[in-house]
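Beneath this line is the structure, given in C-alpha cells, with notes to follow.
Residues: numbered from 1 along the sequence shown.
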Amino acid sequence: MADKHRISFEPVDIEMEAGEDEKILDAAFRQGVHLMHGCREGQCSACKSYVLDGEIQMERYSTFACNDAEVEEGYVLLCRAHAFSDCTIELLNFDEEELLNSAPLQQVSTEVLEIVEHTRDIVGLKLKPVEPAAYEFKAGQYADLTIPGTDEHRSFSMATTPSTADHVEFVIKKYPGGRFSSLLEEGIAVGDTIELAGPYGNFTLKNGHVLPLVLMAGGAGMAPVLGLLRHLSETGDTRRIRFYYGARTAADLFYLDEIRALGEQLADFGFVVALSESTDGAGDLDVAIETGVVTDVVEAAEPELHKAEVYLCGPPPMVDAALALAERRGVPEDQVFYDKFTTAVQPDE
C-alpha cells in the first residue's frame with residue numbers, strides 16, 4: 001500500500017490526505033474537496049497552484065499550462081501532481097462556496113436506457129444509475145464514462161438535474177474515429193452497462209447570485225447549458241436570462257421545443273440561434289434566428305455584458321472567441337464560467 005501524506009491548502013485552511021500513487025486532484029475529489037480544475041490532463045492551467053512546502057513530482061504535462069520557469073519557481077498542476085511528503089499548497093484559483101459543498105467522486109454502474117439521434121452528428125445518451133441507484137451532482141457538471149471493454153474513459157457534460165434521479169442524460173458529438181461516439185452507432189445498445197465516474201466541473205450556478213445570465217453554447221455544449229436551464233426553471237429563477245446557441249445550419253438544431261417550454265416557465269427568458277453557414281429551413285422554426293457566429297450575435301445583442309454572469313460551453317474556438325469578447329467588454333473574471341471541450345484528450349469530448 002502506497003504511503004499517504006497530509007496536504008494542507010492555503011489560504012482556505014483545508015486539510016486532506018493523498019496517497020503517493022494518486023494525483024492530488026483525484027485525492028481531493030475522493031474526499032469531497034472540490035478544487036478548481038479543467039481538462040484534468042495537464043493541458044490547461046485551471047488547477048495550477050503553488051507549493052509552499054513539501055516534495056511533489058508531476059507526471060507528463062503541457063508546458064503551455066505550466067512552463068519550465070514556473071515549475072522551477074514552485075508552481076504545479078494538481079491534476080498531474082503526486083505528493084511524496086506532507087505538503088502545504090497555496091491555491092491560486094478557488095471557489096469558497098464550492099470547495100466543501102460538492103458531492104464527492106462516485107463510481108456508478110449504469111444501464112443504457114435510450115440512445116437518440118438528435119442531428120447528423122449529435123447523439124443523446126440516457127443512463128440509469130443501478131449500483132448504487134443514486135448519483136449526486138450539480139446541474140452543469142460532467143462525468144467520465146468508461147469505454148466498454150477497456151480501461152479508457154471519455155468526459156461528457158450532463159444535461160439533466162439532480163431532480164431526475166432515475167436517469168442521467170448526456171449530449172455527445174460524434175467524431176470520425178471517436179472510440180466512444182462510434183460505439184453509439186454500432187456497439188452500445190439499450191440494456192448495456194456503462195461505468196460512470198463523477199461529478200467533475202465548476203460550470204454550476206452559484207447560490208445567492210443575482211446578476212442577469214447570458215448563456216452561450218455550441219454543438220454538444222448544449223448539454224450543460226440545458227442542465228442549467230432545467231435547474232433555473234425548477235427553482236423559479238426570476239433573473240433576466242438570455243441563451244445564445246451557435247450552429248452551422250437549421251438541421252443542426254435540437255431541443256428547441258423543450259427550450260421554448262422551459263422559457264415559458266421563466267420570468268424573463270430569451271433564446272436566439274446563430275447560424276453561421278446557412279439559414280435554409282430556418283423560417284419554419286419558431287425561434288429567433290440570426291446570421292453569423294454566436295459570439296458576434298452576442299456582441300451586438302448584449303451591450304451591457306459586463307453587468308451579467310456569462311456561461312460558455314462548446315468547442316475551443318467558440319469558447320476562446322467568447323472569452324475574448326468578455327474581456328473586451330470588461331466582464332470581471334469572477335463573472336465568467338466556462339467549459340471548453342479541449343482536444344487534449346480524445347475528440348469524443
Side-chain angles (χ1 to χ4, degrees), residues 116-126 139-140 157-161 164 169-174 203 205 212-305 308-315 317-319 321-322 325-326 337-339 341:
V116 179
E117 295 278 344
H118 288 309
T119 71
R120 57 188 168 81
D121 62 357
I122 297 286
V123 179
L125 175 65
K126 190 177 291 186
S157 294
M158 295 174 281
T160 33
T161 71
T164 56
E169 183 181 352
F170 299 87
V171 176
I172 299 171
K173 182 175 177 62
K174 295 188 293 185
F203 192 77
L205 294 166
L213 297 174
V214 173
L215 316 174
M216 273 185 272
M222 169 68 79
V225 172
L226 183 60
L228 297 185
L229 282 177
R230 286 169 165 169
H231 178 78
L232 289 163
S233 176
E234 290 170 1
T235 56
D237 199 292
T238 59
R239 285 179 286 179
R240 177 186 187 271
I241 301 167
R242 295 295 180 268
F243 177 23
Y244 298 86
Y245 183 75
R248 291 188 176 90
T249 70
D252 297 308
L253 301 176
F254 59 106
Y255 276 128
L256 298 184
D257 289 342
E258 179 170 358
I259 292 169
R260 186 181 305 110
L262 291 171
E264 290 173 354
Q265 299 173 47
L266 293 165
D268 187 359
F269 177 74
F271 177 49
V272 178
V273 167
L275 298 180
S276 61
E277 290 186 2
S278 170
T279 59
D280 291 349
D284 300 328
L285 303 175
D286 184 18
V287 63
I289 300 288
E290 296 288 345
T291 302
V293 297
V294 66
T295 46
D296 289 347
V297 171
V298 172
E299 186 162 22
E302 298 289 339
E304 296 191 323
L305 193 63
E309 286 189 351
V310 182
Y311 285 78
L312 323 166
C313 191
M318 188 218 88
V319 174
L325 168 60
F337 309 92
Y338 65 95
D339 263 352
F341 293 159

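- If you take CD on Gln265 and CG on Leu229, they are separated by 11.0 Å, rounding to the nearest 0.5 Å.
- For the atom pair Asp296 CG and Thr291 OG1, the distance stands at 11.5 Å (nearest 0.5 Å).
- Between the side chain of Tyr245 and the backbone N or O of Gly219, at least one donor-acceptor pair lies under 3.5 Å.
- Residues Arg120 and Asp252 have side chains in contact (heavy-atom distance under 4.5 Å, counting atoms from C-beta outward).
- Nearest heavy-atom pair across Pro315 and Gly218 is CD-O, 3.7 Å.
- Atom CG in Leu305 sits 6.0 Å away from atom CE in Met216 (nearest 0.5 Å).
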Stepwise side-chain contact (heavy atoms from CB on, under 4.5 Å) test for Met222 and Ile259: CA-CA 11 Å; Met222 169 68 79; Ile259 292 169; 3.7 Å; yes
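- In this structure, OG1 on Thr249 lies 7.0 Å from CG on Leu275, to the nearest 0.5 angstrom.
- Between His231 and Thr161 the shortest heavy-atom distance is N-CG2, 3.6 Å.
- Taking the charged nitrogens against the carboxylate oxygens, Asp121 and Lys173 do have a contact shorter than 4.0 Å, which makes a salt bridge.
- The nearest pair of heavy atoms linking Leu312 to Phe203 is O-CE1, 3.2 Å.
- Proximity of Val171 to Leu226: side-chain heavy atoms (C-beta onward) are nowhere separated by under 4.5 Å.
- Residue pairs meeting the ring pair (Phe, Tyr, Trp, His ring centres under 6.0 Å) criterion with at least one member in residues 269-301, sequence neighbours excluded, are Phe243-Phe271.
- Within the 3.5 Å criterion, the main-chain N or O of Ala301 finds no donor-acceptor partner in the side chain of Arg242.
- Asp339 and Ser157 get closest at one heavy-atom pair: OD2-OG, 4.1 Å.
- Between Arg248 and Ser276, some side-chain heavy-atom pair lies under the 4.5 Å cut-off.
- Centroid-to-centroid, the aromatic rings of Phe337 and Tyr311 come within less than 6.0 Å.
- When all heavy atoms of Cys313 and Val225 are compared, the closest pair comes out as CB-CG2, 4.4 Å.
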side-chain contact (heavy atoms from CB on, under 4.5 Å) assessment of Leu213 paired with Leu228: CA-CA 11 Å; Leu213 297 174; Leu228 297 185; over 6 Å; no
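- Summarising the geometry, atom CG belonging to Leu215 is positioned 10.0 Å from atom CD belonging to Glu309; distances are rounded to the nearest 0.5 Å.
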Residue pair Val123, Glu117: steps toward the side-chain contact (heavy atoms from CB on, under 4.5 Å) verdict: CA-CA 5 Å; Val123 179; Glu117 295 278 344; 4.0 Å; yes
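- With contacts defined as side-chain heavy-atom distances shorter than 4.5 Å, the pair Leu262/Leu232 does not qualify.
- The main-chain N or O of Arg230 is never found under 3.5 Å from a side-chain atom of Ser233 such that the two would form a donor-acceptor pair.
- Contact between Thr295 and Leu325 at its shortest, heavy atoms only, is O-CD2, 3.6 Å.
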